[in-house]
Amino acid sequence: MAGDRPPEDWWRAFVADSPARTAKLAVVRADGAPHVAPVWVDLDGDQIMFMTSAATIKGKAILRDPRVCLCFDDETPPFTFLTVAGTARTSTDQAELLRWGTRIGGRYMGTERAEEYGRRNAVPPEMLVRVTPTKVTGTIDIAD
């Protein structure tokens, strides 16, 4: 059936699928304007993990207001999308930055470059962002 709502736990597999999908992160700027930017992600149980610099628009927005929304989509027919609203918590712990930078880098750039990305992203002002979902919505096979 076109536009079927997926099973409740389906979203984890969609986020963790290979090849890795880039999430679109939505935050609110200090002046109230919306801001959307792509981020590389991975899962830690039910939490979505990504990294960003505290000096970026998205980093500053998260530090000011931890409410975020992430959108994932499969751009091939019959098309599927997932939206995850949640609350972000940040960390600048060096060991966590290196661990997650390596893991996330490996998902998107391959295992041969994982350590390179981990080291590159494990320095200030980078921060790890852990999103705890508060609302998950999605539709599978929209065009069927």
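When a residue number appears, it is its place in the shown sequence, counting from 1.
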Problem - In one Ile/Leu/Val/Met/Phe/Trp/Tyr side-chain cluster, 4.5 Å: Met49, Phe14 - result: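 Yes, it is one cluster - the side chains of Met49 and Phe14 are joined through contacts under 4.5 Å.
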
Are [X] and [Y] side-chain neighbours, meaning at least one heavy-atom pair lies under 4.5 Å?
| X | Y | answer |
| --- | --- | --- |
| Phe79 | Asp73 | no |
| Val68 | Ile62 | yes |
| Val39 | Lys58 | yes |
| Thr80 | Asp141 | yes |
| Asp65 | Val27 | no |
| Arg67 | Thr134 | no |
| Asn121 | Leu97 | no |
| Thr137 | Leu82 | no |

Practice task
Look at atom CD of Glu112 and say whether more than 12 heavy atoms of other residues, nucleotides or ligands are closer to it than 6.0 Å.
Solution key: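 Above 12, so yes.
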
Exercise for the section: Take atom CD of Glu115 as the centre, draw a 6.0 Å sphere, and report whether it contains more than 12 heavy atoms from other residues, nucleotides or ligands. Expected result: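 Atom CD in Glu115 is not packed in, count stays at 12 or less.
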
Handout entry: Pairs meeting criterion salt bridge (charged side-chain N to carboxylate O under 4.0 Å, His left out) with involvement of residues 9-20, two or more places apart
Key =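 Output for this query lists Arg12-Asp46, Asp17-Arg21.
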
Practice task
Using atom types as modelled and distance alone, determine if a side-chain donor or acceptor of Arg130 lies under 3.5 Å from a backbone N or O of Ala88.
Solution key: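 A pair under 3.5 Å: no.
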
Exercise for the section: Dump the intermediate steps for salt bridge (Lys or Arg N to Asp or Glu O under 4.0 Å) on Glu96 and Arg99, then the final yes or no. Expected result: CA-CA 5 Å; Glu96 280 194 315; Arg99 175 177 171 239; 5.7 Å; no

Practice task
Classify the side-chain pair Ser53/Glu126 by whether it contains a donor and acceptor separated by less than 3.5 Å.
Solution key: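 The answer is no; no qualifying pair exists.
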
Practice task
Indicate whether the side chain of Asp74 and that of Thr76 have a donor and an acceptor atom separated by less than 3.5 Å.
Solution key: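 Thr76 and Asp74 do have a side-chain donor-acceptor pair below 3.5 Å.
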
Problem - Plane angle bin for Tyr108 and Trp40 - parallel if under 30°, tilted between 30 and 60°, otherwise perpendicular - result: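 If you compare the ring of Trp40 with that of Tyr108, the planes turn out parallel.
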
Handout entry: Criterion side-chain contact (heavy atoms from CB on, under 4.5 Å) on Leu25 and Phe50, from CA distance to verdict
Key = CA-CA 10 Å; Leu25 170 71; Phe50 67 90; 3.7 Å; yes

